[in-house]
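Written out below as structure tokens is the structure these notes cover.
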Amino acid sequence: MKIILLGAPGAGKGTQAALIREKYDIPHISTGDILRANIREGTPLGIKAKAIIDAGNLVPDEIVIGIVKDRLAKDDCKSGWLLDGFPRTVAQADGLSEFAECDAAVDISVPFEILSDRISGRRMCACGESYHVSTLNGATTCSKCGGKLYQRADDNEETVKNRLNAYKTQTAPLIDYYAKLNKLITIDGNKSVDEVFKAVCLELEAK
Ligand code: AP5
């Protein structure tokens, strides 16, 4: 299965990706995770990307297209993949279509007024696990690995405004893009994580 996860910042792409990866045994490729790993490691790409991500803007198309092209060429992607956060512009979608074709593009749709709360309440663990403060009951460590939870650098109010704006102007047009290709699946993301996951699986299996 070759799947693209669309959806605004905070829509639940990463949360659903972890479940989809486990159920369908396909690699989860998040351009955001790859960029953040480069920032942590201080690579030239990470140094360039940090200022852009901290401002809530999009990293240039040619950089992320190159990252995804290299990643999809790896052996573990031969029989399927799950792209999370890519493509994010029409140019990226066109770029992807030159070296890979998806089976479905899943748009997780959540009202904008809910997204800011989800993002500002998100807490992360270095192991990749993600939480929301409303369900942590004051816990400050990861229930899976015991790691210390932290807030992402770009999960602050000002940056979130820019990220949502970048989504509206540059990423939302991909909904029509994939609808025209008859690949679009739209899921109501304003439900519990389990309900969203059930809906995603039902739609994917019907595609
Ligand atoms: P990226 O890492 O892709 O971030 P994003 O798209 O902004 O998405 P988020 O990770 O914020 O949210 P999510 O949808 O994964 O939600 P999550 O599951 O965590 O990108 C970061 C930056 O990198 C970009 O701004 C850009 O600069 C750069 N970048 C990345 N890819 C790029 C590209 N292709 N081109 C150019 N630049 C690129 O959930 C959020 C919160 O909600 C969590 O607290 C979670 O617990 C909670 N939650 C999840 N589901 C539910 C639910 N159903 N009900 C209640 N709460 C829920």
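Linking Ile, Leu, Val, Met, Phe, Trp and Tyr whenever their side-chain heavy atoms come within less than 4.5 Å puts Val68 and Ile53 in one cluster. Connection of Leu202 to Leu6 is not established within any shared hydrophobic cluster, with ILVMFWY side chains joined at heavy-atom distances below 4.5 Å, either directly or through further cluster members. Under the 4.5 Å side-chain heavy-atom criterion for ILVMFWY residues, no single connected hydrophobic cluster contains both Ile114 and Val133. Taken together through direct or relayed side-chain contacts under 4.5 Å among Ile, Leu, Val, Met, Phe, Trp and Tyr, Leu58 and Leu83 form parts of separate hydrophobic clusters. Hydrophobic clustering places Leu181 together with Leu184 (ILVMFWY residues linked when any side-chain heavy atoms are closer than 4.5 Å, directly or through intermediates).
When all heavy atoms are compared, the tightest approach of Tyr178 to Pro87 is OH-CG, 3.3 Å. Of all non-hydrogen atoms in Tyr167 and Gly7, the two that sit nearest each other are CE1-C, 3.7 Å. Across all their heavy atoms, Leu204 and Tyr24 have their closest contact at CD1-CE1, 4.1 Å. Of all non-hydrogen atoms in Ala8 and Leu115, the two that sit nearest each other are CB-CD1, 3.5 Å. Minimum interatomic distance between Arg36 and Ser30 (heavy atoms only, all atoms of both residues): NH2-OG, 4.5 Å. The two residues Ile108 and Gly189 have their closest heavy-atom pair at CG2-CA, 3.7 Å.
Checked against side chain to side chain contact (heavy atoms under 4.5 Å, CB included), Arg21 has the following partners two or more places apart in sequence or in another chain: Ala18, His28. With sequence neighbours left out, the side chain to side chain contact (heavy atoms under 4.5 Å, CB included) criterion links Leu19 to Gln16, Val193, Phe197. For Glu157, there are no side chain to side chain contact (heavy atoms under 4.5 Å, CB included) partners two or more places apart in sequence or in a different chain. Not counting sequence neighbours, Lys148 has no partner by the side-chain hydrogen bond (donor to acceptor under 3.5 Å, both in side chains) test. Applying the side-chain hydrogen bond (donor to acceptor under 3.5 Å, both in side chains) test to Thr135 and every residue at least two apart in sequence or in another chain returns nothing.
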| message | Under the criterion side chain to side chain contact (heavy atoms under 4.5 Å, CB included), I'd like the reasoning laid out for Glu203 against Val106: C-alpha separation, chi angles, the key distance, then a yes or no. | response | CA-CA 9 Å; Glu203 293 286 344; Val106 180; over 6 Å; no

| message | Please determine whether side chain to side chain contact (heavy atoms under 4.5 Å, CB included) holds for the pair Thr15 and Val196, giving the CA-CA distance in whole Å, both sets of side-chain angles, and the decisive distance to 0.1 Å. | response | CA-CA 10 Å; Thr15 303; Val196 175; over 6 Å; no

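Sorted by first and then second residue, the side-chain hydrogen bond (donor to acceptor under 3.5 Å, both in side chains) pairs involving residues 104-123 (not counting sequence neighbours) are Arg122-Asp155. Identified under the side-chain hydrogen bond (donor to acceptor under 3.5 Å, both in side chains) test for residues 44-64, with sequence neighbours left out: Lys50-Asp54, Asp61-Thr89, Asp61-Gln92. Residue pairs meeting the salt bridge (charged side-chain N to carboxylate O under 4.0 Å, His left out) criterion with at least one member in residues 8-20: none, sequence neighbours excluded. Every pair passing side-chain hydrogen bond (donor to acceptor under 3.5 Å, both in side chains) that includes a residue from residues 185-197 is listed here, sequence neighbours excluded: Ser192-Glu195. Sequence neighbours left out, the pairs with a member in residues 67-79 that pass salt bridge (charged side-chain N to carboxylate O under 4.0 Å, His left out) are Arg71-Asp76, Asp75-Lys78.
Side-chain contact between Ile52 and Pro60: present, with at least one pair of heavy atoms (C-beta onward) separated by less than 4.5 Å. Residues Ile34 and Val64 are not in side-chain contact: their nearest non-hydrogen atoms beyond the backbone lie 4.5 Å or more apart. Side-chain atoms of Phe86 and Ile29, non-hydrogen and from C-beta on, never get closer than 4.5 Å to each other. In this structure, the side chains of Thr31 and Val59 stay at 4.5 Å or more apart for every pair of heavy atoms.
Note that CG of Leu72 and CD1 of Ile67 are 11.5 Å apart. Values are rounded to the nearest 0.5 Å. Note that SG of Cys77 and CD1 of Ile26 are 9.5 Å apart. Values are rounded to the nearest 0.5 Å. Once rounded to the nearest 0.5 Å, the distance linking CZ of Phe99 with CD1 of Ile65 reads 7.0 Å. Note that CG of Leu164 and OG1 of Thr169 are 10.5 Å apart. Values are rounded to the nearest 0.5 Å. Atom CG of Asp84 and atom CD1 of Ile3 lie 11.5 Å apart (nearest 0.5 Å). Atom CD1 in Ile175 sits 12.5 Å away from atom NZ in Lys180 (nearest 0.5 Å).
Using modelled atom types and a 3.5 Å distance limit, the side chains of Thr159 and Asp154 yield no donor-acceptor pair.
None of Leu174, Ile185, Leu82, Leu96 except one satisfies the side-chain contact (heavy atoms from CB on, under 4.5 Å) rule with Ile4; the exception is Leu96.
Remark: side-chain polar atoms of Asn162 are paired, donor with acceptor, to backbone N or O of Ala55 under 3.5 angstrom.
By the 4.5 Å side-chain criterion applied to Ile, Leu, Val, Met, Phe, Trp and Tyr, Tyr150 is assigned to a cluster that also includes Met124.
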Would you mind writing out the side-chain donor-acceptor pairs for residues 137-147 within the sub-3.5 Å range, not counting sequence neighbours?
{"from": "Ser143", "atom 1": "OG", "to": "Tyr131", "atom 2": "OH", "distance (Å)": "3.1"}
{"from": "Lys144", "atom 1": "NZ", "to": "Glu129", "atom 2": "OE2", "distance (Å)": "3.2"}

